Number of protein chains: 2
Amino acid sequence: MMTQVVIVCFLTLTLPVMAVNSWLAEPIKGLLLDITGVLYESGEGFGTAIPGSVEAVKRLRETGIPVRFVTNETCATRAELIKKLHHHSFSVSEGDVFSPVPAVISLLKERGLVPHLLVHPAIECEFSGLVAGNPTCVVMGDADEAFSFANMNVAFRALKAMEDPKLFALGFGKYYKHKGQLQLDVGAFATALEFACDIKSEIVGKPSPLFFDAALSDIGITAKEAVMIGDDIVSDVGGAQKCGIRGVLVRTGKYTRSCENHPTVTPHFIANNLSEAVDLIIEAQSKNIHQV
Amino acid sequence: MMTQVVIVCFLTLTLPVMAVNSWLAEPIKGLLLDITGVLYESGEGFGTAIPGSVEAVKRLRETGIPVRFVTNETCATRAELIKKLHHHSFSVSEGDVFSPVPAVISLLKERGLVPHLLVHPAIECEFSGLVAGNPTCVVMGDADEAFSFANMNVAFRALKAMEDPKLFALGFGKYYKHKGQLQLDVGAFATALEFACDIKSEIVGKPSPLFFDAALSDIGITAKEAVMIGDDIVSDVGGAQKCGIRGVLVRTGKYTRSCENHPTVTPHFIANNLSEAVDLIIEAQSKNIHQV
């Protein structure tokens with residue numbers, strides 16, 4: 001009886017510490033960071049930088065750990081996004097950002113597809129020259145207010161008119177935080193069209209493995225050498241983990257307490273914010289270097 | 001070789017006739033009819049009666065075959081629906097109509113649930129006295145234009161705020177025909193909320209077996225003695241067949257040619273319209289009576 005009590009106490013005291021450290025044991029040769037909800041909270045104008053995130057990115061640059069930004073942001077062009085990040089003094093260049101719009105444009109050109117767009121009006125200009133009379137696919141991003149009943153029906157009828165209907169979803173998030181409130185993301189509306197048309201969408205963006213792979217190969221590292229940090233338990237953490245990348249969840253952005261008991265995804269670590277996660281990574285890396 | 005040709009010709013000539021007749025072999029003691037797309041096409045004002053449908057219902061009344069109308073219509077109160085049917089001279093009384101609104105109201109009262117409504121403005125009045133400050137469930141019907149981005153988000157946040165989120169869908173149709181065009185139905189938008197909240201909705205209406213059973217028990221017949229006639233291959237035909245009711249599809253309403261090759265549902269018969277199906281049923285019944 002006494003032995004059992006001692007074992008229980010031992011496990012209780014040591015397991016959380018082991019859990020905290022185990023994800024840092026293997027070397028980290030590159031970081032993938034989500035943008036909205038990790039670097040800044042979206043809102044009116046440029047939104048608000050999350051406390052400590054600007055300095056965290058700066059520390060990563062100083063230590064030389066390669067960083068890429070993998071975002072499903074489709075409410076602004078990549079140039080506008082960079083402008084927003086620079087406004088908050090984030091050290092990010094356009095070449096460091098992986099977002100679904102350039103990826104889907106390459107894909108449309110490769111396959112010779114004509115898109116019907118159900119996207120945010122701010123990014124429609126990026127597709128100029130690709131849109132024509134008889135669409136052969138629907139491309140949907142986070143259209144925000146443009147997810148009206150009328151626009152959903154136009155996209156639905158476009159799919160029903162296609163001989164071989166194709167739906168590209170720029171990301172597949174369930175929801176995100178906007179102006180302090182949760183709101184439905186592209187994944188919810190894509191699911192509605194999938195159901196109505198008996199089709200499956202092709203995801204361009206997180207959690208598609210192709211998307212994570214593109215960022216990893218740009219750094220020149222393997223999945224095992226990388227850590228993904230995001231506020232979306234499914235798209236960021238679960239998506240990365242499916243590729244063999246360690247997934248860290250932050251308690252900022254769209255995070256809610258229920259994410260900590262998600263039925264299918266258990267993050268490698270849950271940090272209060274990007275700053276805390278980066279501090280732990282830099283500390284662990286410096287120890288690893290000294291050990292080597 | 002000659003024998004093979006003869007067999008092929010024999011099969012070609014006789015199989016369609018066998019297929020036409022087999023669903024009529026067993027006695028039919030009651031009919032369940034869908035309303036929109038079978039009796040009339042929806043549109044501005046009262047819509048348009050489908051040619052032959054008024055007379056078909058009249059013939060059924062004359063022969064004494066019991067009829068109930070099972071509809072997922074949630075864009076009008078039951079009284080307004082009857083008014084519309086009477087405008088077209090359909091012989092239908094309120095007691096013959098099974099629709100989801102009275103069913104869900106009974107259910108809310110039984111379980112002591114407080115609904116947040118995402119329904120057509122025309123039927124909100126039916127829920128008076130049930131809506132209060134802190135909803136414990138979301139009830140969604142075919143909200144039509146009220147399926148706005150803002151309303152979808154309010155319903156989503158209501159579900160996210162519930163300890164035990166419950167979603168009642170008044171039917172689960174994919175789409176229907178309105179003013180000559182296909183438009184998304186409640187099932188598509190319910191699927192979006194299911195995905196965003198990781199929940200399954202409880203369907204009140206077709207294709208829920210409880211809904212078909214209520215109409216059968218009102219007539220006092222078993223599933224095997226009934227035929228359901230509808231324009232929705234999944235909710236009407238597939239739903240009825242899952243309960244053991246014969247399912248007949250009509251080529252009116254939301255019917256499109258692709259319904260004839262549906263991946264999971266094969267109707268017992270496909271009629272050009274209600275009139276044709278009713279003629280076949282009355283003819284077969286009169287033969288059955290003479291044989292007895």
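Because only heavy atoms are used, hydrogens play no part in the values below, and waters and symmetry mates are left out as well, while side chains stay in. First the proteins, then the strands, lettered A, B, ... as listed; each starts at 1. Computed from a predicted model, the values in this text were never measured in an experiment.
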(Q) Can you confirm whether Ile123(A) sits close enough to Glu80(A) that some side-chain heavy atom of one is under 4.5 Å from a side-chain heavy atom of the other? (A)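 Of all side-chain heavy-atom pairs linking Glu80(A) with Ile123(A), none is under 4.5 Å.
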Q.
Among Asp185(A), Asp232(A), Asp142(A), exactly one meets side chain to side chain donor-acceptor pair (under 3.5 Å) together with Tyr176(A). Which residue is that?
A.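 That would be Asp142(A); it is the only one of Asp185(A), Asp232(A), Asp142(A) passing the side chain to side chain donor-acceptor pair (under 3.5 Å) with Tyr176(A).
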**Q.** Engaged part of His178(A) at the chain B interface, taking heavy atoms whose separation is under 4.5 Å
**A.**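 When you check distances to chain B, no heavy atom of His178(A) falls under 4.5 Å.
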Any idea which of [options] has the most non-hydrogen atom pairs under 4.5 angstrom with chain A?
options	value
Leu193(B), Val234(B), Asp198(B)	Asp198(B)
Ala143(B), Gly173(B), Ala196(B)	Ala196(B)
Gln183(B), Glu145(B), Lys160(B)	Gln183(B)

Q. Just by distance, with hydrogens left out, do Ser201(A) and Glu194(A) show a side-chain donor and acceptor under 3.5 Å apart?
A.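 Yes - a donor-acceptor pair under 3.5 Å links their side chains.
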Q: Identify which part of Phe156(B) has an atom lying under 4.5 Å from any heavy atom of chain A, answering side chain, backbone, both or neither.
A: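 The side chain, not the backbone.
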Q. Within a reach of under 6.0 Å around CZ of Arg257(A), are more than 12 heavy atoms found that belong to other residues, nucleotides or ligands?
A.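 12 or below, so no.
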(Q) Which residues pass the side chain to side chain contact (heavy atoms under 4.5 Å, CB included) test with Thr256(A), not counting sequence neighbours? (A)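 In terms of side chain to side chain contact (heavy atoms under 4.5 Å, CB included), with neighbours along the sequence ignored, Thr256(A) is linked to Tyr175(A), Leu182(A), Ser258(A), Cys259(A).
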